[in-house]
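Remember, it's 1-based here, ligands and their atoms both numbered in the order they're listed.
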Amino acid sequence: MLDVLLDGLASLEYRGYDSAGIAVEAGEDLWRARAATGTRSLDDLRKLASAAPAGVFAGIGHTRWATHGAPVEANAHPHLDCTGTVAVVHNGIIENCRELSEMLLGEGHDLISETDTELLAHLVERELATGASLADALRATLRQVEGAFALAVMWPGEPGTIVAARRVSPLVLGRVDIAGPPTAGPGTAGPGTAGPPTAGPGTAGPGTAGPPTAGPEGCQWMLASDVPALLGRTRTFWVIEDDQLAELRAGSMRVTTLAGKDVEPSELHVEWDVEAAQKGGFDDFMSKEMHEQPRAIADTLLGRALPGGLLALDQMRISDEELREVDKVVVVACGSSYHAGLVAKFAIEHWARLPAEIDIASEFRYRDPILDRRTLVVGVSQSGETVDTLQAMREARRWDAKVLVISNVVDSSMAREADGVLYTRAGPEIGVAATKTHLAQIVALEVLALYLAQLRGIIYPTEVERLLDDIARLPELVQLALDRSDSVRAVAAKYAATRDFFFLGRNVGFPVALEGALKLKELAYLRAEGYPAGELKHGPIALIEPGTVVVGVATRTRLWEKMMGNIAEVRSRGATVVLVANDGDDQAGSEADDVLWVPATHPVLAPVVDVVPLQLFAYHLARRHGHDVDRPRNLAKTVTVE
Ligand code: M6R
């Protein structure tokens with residue numbers, strides 16, 4: 001059984017983790033082991049597991065990618081309640097964790113970790129104390145919980161039982177039929193179980209399940225947050241849907257709604273090999289990660305909107321008073337993060353009416369920046385480790401500026417050193433090209449802009465609410481843009497022989513053009529120049545000749561007419577034009593040789609949607625040229641050298 005847990009966790013290793021842990025039945029108790037030694041955690045956990053009790057039938061395991069609290073052992077899953085007998089592994093984010101922890105602390109519960117997951121163990125403990133069964137205790141718990149979860153719970157009061165549930169975060173069940181007599185002990189043998197994953201903001205973590213052994217019918221039940229965890233043992237899965245609960249017992253499995261009504265889970269037969277399963281059936285991680293973008297945005301937004309149009313940020317060690325005194329914002333970042341920062345400049349100036357500068361981090365500290373304690377410096381970095389951005393933030397601190405970081409990695413160097421952190425919750429990004437983290441960064445920065453606007457009293461709460469509604473619709477719009485991948489591929493195919501591209505945009509379309517060009521360079525190894533369209537006439541227009549391919553971001557943002565004027569300039573010189581345009585915009589369509597259609601949104605939010613077809617365009621061209629989109633040449637995912 002331990003092998004099932006540990007091998008399952010290892011199969012999810014590719015997703016990244018900072019700690020790992022398991023809990024297994026041990027008579028009337030639980031036995032738990034955890035290791036928080038970064039990428040060594042699983043190896044260390046295996047060593048610890050050699051001391052586990054023999055003959056266990058049920059267990060849960062988890063690898064954690066931190067979202068709430070640092071990646072230390074105390075925050076590693078499984079988490080326990082006050083009695084030490086309820087064990088929980090969880091992926092996801094509990095949005096109302098503040099209220100819940102106040103309630104639990106008020107009732108005298110001992111909260112040991114900084115995680116939202118631990119609250120679940122204590123909530124189950126409360127319900128068990130009323131005499132509820134484990135399944136009912138979990139049902140009652142989940143009625144109090146807002147947010148996303150895939151979780152598994154065990155309690156020796158019901159030996160050989162694992163109860164699991166999901167909302168938003170994925171959870172699958174698997175069954176292994178065992179030939180011959182069951183191995184589990186009569187009556188007790190338990191089901192196996194699984195652990196979830198985590199996917200949260202910025203995090204993700206696999207969980208895994210482990211089954212126990214056979215029950216009377218000679219089968220083992222297992223569950224996991226993702227198919228690869230169980231693929232070595234079964235190819236038949238059952239998918240647990242939102243707000244459903246699974247009870248695994250020796251040789252039996254029952255799925256119900258949270259209200260307790262029995263449901264028949266849908267069966268899924270998986271033909272993928274482990275590698276394909278790790279990629280979720282996509283050809284590569286980049287494709288998978290692009291398709292995870294709606295989820296990444298939604299997770300980044302979880303828990304941000306508070307009643308009354310108020311907004312919540314993470315780990316803000318800068319007081320609202322200090323933020324109110326801020327008279328300038330300086331964003332520092334590299335690559336795609338820099339492009340997200342460029343969008344932030346528009347959002348901060350537009351909504352918060354604060355002067356905002358944006359700097360390439362590698363230049364920042366060498367240009368004698370003018371900073372003081374009223375400057376807010378925002379470092380944007382997926383990894384939180386990029387040395388140029390880290391050094392830029394250190395330079396800012398030297399001048400007494402307040403430093404905030406937008407990062408996808410909890411407890412990264414930047415997160416540790418900053419005065420405040422706003423986490424993107426895109427989950428680990430394996431492809432070298434930033435995709436889902438880029439979109440999550442833009443969304444986080446837009447939320448920050450609204451936060452500053454609200455603090456400064458520039459914006460009415462009702463307007464914040466309205467804008468948050470627009471932001472909340474972004475996942476759906478991004479999904480629509482992704483659904484058009486085949487049309488983008490067809491357009492890309494027409495340009496398979498083109499070696500040079502011009503990407504043009506204006507206003508918030510300019511960072512989109514830069515990002516589209518960067519993606520094409522790094523993935524397809526094609527020359528691509530991103531330019532503000534209004535600058536063309538100051539030089540680069542000399543390069544436009546018949547056949548030059550110009551990709552323009554021409555959605556209906558503030559400078560659409562002017563952008564179309566610039567497109568007319570290049571068309572009249574014979575350029576071939578591909579436009580990103582809003583659905584139904586026939587006027588834009590008539591000015592283009594090819595159109596990459598996207599749904600419309602609020603103009604300041606448009607980059608989140610508009611960049612998607614350009615990611616796809618670069619992706620399809622790179623594939624056509626036979627390049628490895630996950631590992632482009634000469635590039636590292638995290639750049640820790642200057
Ligand atoms: O981890 P960071 O966000 O700080 O990384 C910054 C850049 O190195 C990164 O965005 C890079 O440009 C990507 N490969 C772009 O796809």
Side-chain angles (χ1 to χ4, degrees), residues 16 65 202-203 284-287 289-290 292-293 296 300 331-344 358-364 377-394 403-418 421-445 503 511-526 528 530 607 611-612 614-619 621-622 627-642:
W65 168 276
T203 50
D284 38 66
F285 284 110
M286 182 181 172
S287 196
E289 286 159 4
M290 283 191 291
E292 285 170 353
Q293 294 184 124
T300 297
V331 184
V332 287
C334 308
S336 296
S337 300
Y338 170 77
H339 301 152
L342 274 171
V343 178
I358 163 87
D359 257 89
I360 300 237
S362 54
E363 291 292 321
F364 179 73
V377 172
V378 182
V380 186
S381 174
Q382 173 277 129
S383 60
E385 302 294 343
T386 302
V387 76
D388 290 323
T389 310
L390 185 61
Q391 294 295 6
M393 288 172 51
R394 286 178 179 158
V403 175
L404 178 74
V405 67
I406 310 281
S407 175
N408 199 43
V409 180
V410 173
D411 214 40
S412 54
S413 301
M414 285 181 215
R416 279 198 302 271
E417 292 188 23
V421 193
L422 177 51
Y423 286 116
T424 51
R425 298 170 184 148
E429 190 172 66
I430 293 165
V432 165
T435 52
K436 60 176 181 172
T437 55
H438 176 63
L439 262 60
Q441 284 171 343
I442 302 176
V443 168
L445 286 160
F503 282 72
V512 178
L514 286 179
E515 179 63 9
L518 176 62
K519 285 285 159 284
L520 204 57
K521 284 183 256 216
E522 69 176 333
L523 295 165
Y525 314 150
L526 295 169
V611 78
V612 173
L614 299 185
Q615 295 173 335
L616 290 166
F617 187 70
Y619 171 83
L621 271 176
H627 301 317
D628 179 344
V629 290
D630 288 338
R631 281 176 296 270
R633 69 187 181 201
N634 306 338
L635 291 174
K637 183 71 185 161
T638 304
V639 185
T640 50
V641 289
E642 201 183 343

side-chain contact (heavy atoms from CB on, under 4.5 Å) partner of Ile442, the single match among Val512, Thr424, Val343: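 Of the listed residues Val512, Thr424, Val343, the side-chain contact (heavy atoms from CB on, under 4.5 Å) partner of Ile442 is Val343.
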Residue from Val380, Val405, Leu404 passing side-chain contact (heavy atoms from CB on, under 4.5 Å) with Met414: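 Single side-chain contact (heavy atoms from CB on, under 4.5 Å) partner of Met414 among Val380, Val405, Leu404: Val405.
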Atoms of ligand 1, numbered as shown, that sit under 4.0 Å from any heavy atom of [X]:
X: Ser337; value: 2 (P), 3 (O), 10 (O)
X: Ser381; value: 1 (O), 2 (P), 3 (O), 4 (O)
X: Lys519; value: 15 (C), 16 (O)

Close N or O approach (Ala434, ligand 1; < 3.5 Å): yes
Ser336 N/O under 3.5 Å from ligand 1 N/O: yes
Could you check [atom] against the protein and tell me its nearest heavy-atom contact, residue, atom and distance included?
atom: atom 2 (P) of ligand 1; result: Thr386 OG1, 3.2 Å
atom: atom 14 (N) of ligand 1; result: Glu522 OE1, 3.1 Å
atom: atom 8 (O) of ligand 1; result: Val639 CG2, 4.1 Å
atom: atom 6 (C) of ligand 1; result: Cys334 O, 3.4 Å
atom: atom 1 (O) of ligand 1; result: Ser383 OG, 2.7 Å

If every non-hydrogen atom of [X] is compared with every non-hydrogen atom of [Y], which pair is closest and at what distance?
X: Val629; Y: Ala622; value: CG1-CB, 3.7 Å
X: Met286; Y: Asp630; value: N-OD1, 2.8 Å
X: Ala618; Y: Leu523; value: CB-CD1, 4.1 Å
X: Ala433; Y: Lys519; value: CB-CE, 4.1 Å

Plane angle bin for His339 and His438 - parallel if under 30°, tilted between 30 and 60°, otherwise perpendicular: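 Aromatic pair His438/His339 classed perpendicular.
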Salt bridge (charged side-chain N to carboxylate O under 4.0 Å, His left out) involving Lys436 - partner list, sequence neighbours excluded: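 In terms of salt bridge (charged side-chain N to carboxylate O under 4.0 Å, His left out), with neighbours along the sequence ignored, Lys436 is linked to Glu292.
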Test item, His438 contacting ligand 1 (heavy atom, 4.0 angstrom): no
